[in-house]
Amino acid sequence: MSRRRLFSQVQDNDDNDIDQEVTVKSALPLSKTKAQLVNGQPVSGEDYLLMVRDQASKCATTAIAKGPPPAIKKTSLPPSFSFFQESETPEFLLPDPIWQQKYAESFKSYQLYMQNNKPKKENTKLPSNWRTYYYDNKEPDQEQLDTIAHCTQQNIITLLRNYKNWLTEMTYGEALWISTLLIYLDPVMVAQHVSVLRELARKCIKIRNEKQVHDDNVIRLNMIITIIAKVFGQADMI
């Protein structure tokens, strides 16, 4: 004989014959069998208990949940979605985590300073063809870089999106232009703007992972990847 407690009842089951009628004893003896209700509300604690028992008797029998499903077999994405999968980065191309942290902290400090102390806008003329302007100035001076300070946030996002398409390497000039764009980019962004940064980081990762030696290009690529990952909160891009 087994005994189970069901809320306010104690139920005795015959273990030898589950089809036999069970004996149910009330854990709290009651003086009546039907609740007295006024405007749908029980008038006493005993009536409340009877009301709850009546509601419980109309509920479906409790079922035992099935066990966890079998492990899902991991499969590769189809070719049409392969752009979501970055290739594994060789160990010798990865930056040192301590360097990444210190570089990100330095960039944040410099970014805050430059955003609070933008160069004056006197006689500043923004170029009409940015790509020509960028690549005609392969090693831009500070005055040329200062033009970015007077761009709107939408212009900066558009230029970063364009760089994702323009990049084939990461030259000294390209690294200067991109890092300057990131300096003047507002850290508070909508999802579409974050997506642009992630696409740029993916492009940098793709170029880096194709390298056979750890050269200056790799260092500059790691700088941009680190800024996006550590400063703009996209840590999974590292």
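As the structure is a computational prediction, the values presented were derived from the model and not from experiment. Only heavy atoms go into these numbers, but all of them, side chains included; no hydrogens, no water, no symmetry mates.
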Do the side chain of Thr180 and the main chain of Leu176 share a donor and acceptor less than 3.5 angstrom apart? yes
Relative to the ring of Trp99, is the ring of Tyr103 parallel (under 30°), tilted (30 to 60°) or perpendicular (over 60°)? parallel
Do Arg220 side-chain atoms and Met170 backbone N/O form a donor-acceptor pair below 3.5 Å? yes
What about Ile225 and Val218, same hydrophobic cluster or not, with Ile/Leu/Val/Met/Phe/Trp/Tyr joined at side-chain heavy-atom distances under 4.5 Å? no
Short side-chain to backbone donor-acceptor contact, Asn209 and Leu93, under 3.5 Å: no
Looking at every non-hydrogen atom in both residues, tell me the closest pair between Tyr184 and Ile148 and how far apart they are. CD1-CG2, 3.9 Å
Please examine the side chains of Lys164 and Val196, heavy atoms only from C-beta on, and report whether any two atoms are closer than 4.5 Å. no
How far apart are the closest heavy atoms of Cys151 and Ile156, and which atoms are they? CB-CG1, 3.9 Å
Is there any salt bridge (Lys or Arg N to Asp or Glu O under 4.0 Å) pair reaching into residues 173-196, and which pairs are they, with sequence neighbours excluded? none
Going only through I, L, V, M, F, W and Y residues with side-chain contacts under 4.5 Å, is there a path from Met189 to Leu181? yes
Should the heavy atoms of other residues, nucleotides or ligands under 6.0 Å from CD of Gln212 be counted, would the total exceed 12? no
Compare all side-chain heavy atoms of Lys108 with those of Pro187 and state whether any distance is below 4.5 angstrom. no
Shortest non-hydrogen contact from Ile227 toward Ser179: CD1-CB, 4.5 Å
With a 4.5 Å heavy-atom cut-off, do Val188 and Gln153 have their side chains touching? no
Hey, does Lys203 have a side-chain heavy atom less than 4.5 Å from the side chain of Trp166? no
With hydrophobic residues grouped by side-chain heavy-atom distances under 4.5 Å, do Tyr113 and Val231 end up in a single group? yes
Do any pairs count as a salt bridge (Lys or Arg N to Asp or Glu O under 4.0 Å) and have a residue in residues 229-238, sequence neighbours left out, and if so which ones? Arg198-Asp236
If you define the side chain from C-beta out and look only at heavy atoms, does anything of Glu91 sit under 4.5 Å from Leu94? yes
Is there a path from Ile228 to Val194 through hydrophobic residues (I, L, V, M, F, W, Y) whose side chains come within less than 4.5 Å of each other? yes
Check whether any side-chain heavy atom of Asp216 lies under 4.5 Å from a side-chain heavy atom of Tyr172, and answer yes or no. no
Value rounded to 0.5 Å, distance of CG in Asn117 from CG in Leu112: 9.0 Å
For a quick test of reading the model, state the closest non-hydrogen atom pair linking Ala229 to Met237 and the distance between them. CB-CB, 4.3 Å
Side-chain donor-acceptor contact under 3.5 Å, Asp47 with Ser44: yes
How far apart are the closest heavy atoms of Tyr110 and Ile183, and which atoms are they? CE2-CD1, 3.4 Å
For Arg161, does its backbone N or O pair with a side-chain atom of Glu199 as donor and acceptor, under 3.5 Å? no
Heavy-atom side-chain contact between Leu197 and Leu185 under 4.5 Å: yes
Do Ile207 and Thr168 touch side chain to side chain, with heavy atoms closer than 4.5 Å? no
